Amino acid sequence: MLLVQVEILSLQEGKGSFKMKVDESHLNGLGTLHGGMTAFLVDYLTTIAVFTKPPHLPGVSIDMSIR
């Protein structure tokens, strides 16, 4: 599972710091981080941060743009 590779460095109310080693399976054909991977990480990890604030419910992404 992808998120097993993500390490939580700090998690406080409304914010978090995470790290993950980018490996070859995360890259696109040009050798850079795949945009879909970037979108997934931003969406999922910001949800973790939102969960830390009352009422401890997830947010909902309705529009994302990754370039």
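These numbers come from a predicted model, not from an experiment.
- In terms of heavy atoms, Ala49 sits closest to Gly16 at CB-N, 4.2 Å.
- In this structure, the side chain of Thr52 engages the main chain of Gly14 through a donor-acceptor pair within 3.5 Å.
- Residues Tyr44 and Val6 are not in side-chain contact: their nearest non-hydrogen atoms beyond the backbone lie 4.5 Å or more apart.
- A distance of 5.0 Å separates CD1 of Ile48 from CZ of Phe18, quoted to the nearest 0.5 Å.
- Asp43 contributes atom CG, which lies 12.0 Å from atom OG1 of Thr38 (distance to the nearest 0.5 angstrom).
- Hydrophobic cluster membership of Val50, counting Ile, Leu, Val, Met, Phe, Trp and Tyr whose side-chain heavy atoms lie under 4.5 Å apart directly or via other members: none, as it forms a cluster of its own.
- Without hydrogens or angle criteria, His56 side chain to Phe51 main chain gives a donor-acceptor distance under 3.5 Å.
- Nearest heavy atoms, His26 versus Leu33: O-CD1, 3.6 Å.
- Its side chain outside the 4.5 Å cluster rule for every partner, Leu57 clusters with none of the Ile, Leu, Val, Met, Phe, Trp and Tyr residues.
- Using a 4.5 Å cut-off on side-chain heavy atoms (C-beta onward), Asp23 and Gln5 make contact.
- Atom CE of Met20 sits about 9.0 Å away from atom CG of Leu45, to the nearest 0.5 Å.
- Using a 4.5 Å cut-off on side-chain heavy atoms (C-beta onward), Pro54 and Glu13 make contact.
- Under a hydrophobic clustering in which Ile, Leu, Val, Met, Phe, Trp and Tyr are joined whenever their side-chain heavy atoms come within less than 4.5 Å, directly or via other members, Ile66 and Phe40 fall into different clusters.
- Heavy atoms only, all atoms of each residue included: Thr46 and Val42 are closest at OG1-O, 2.6 Å.
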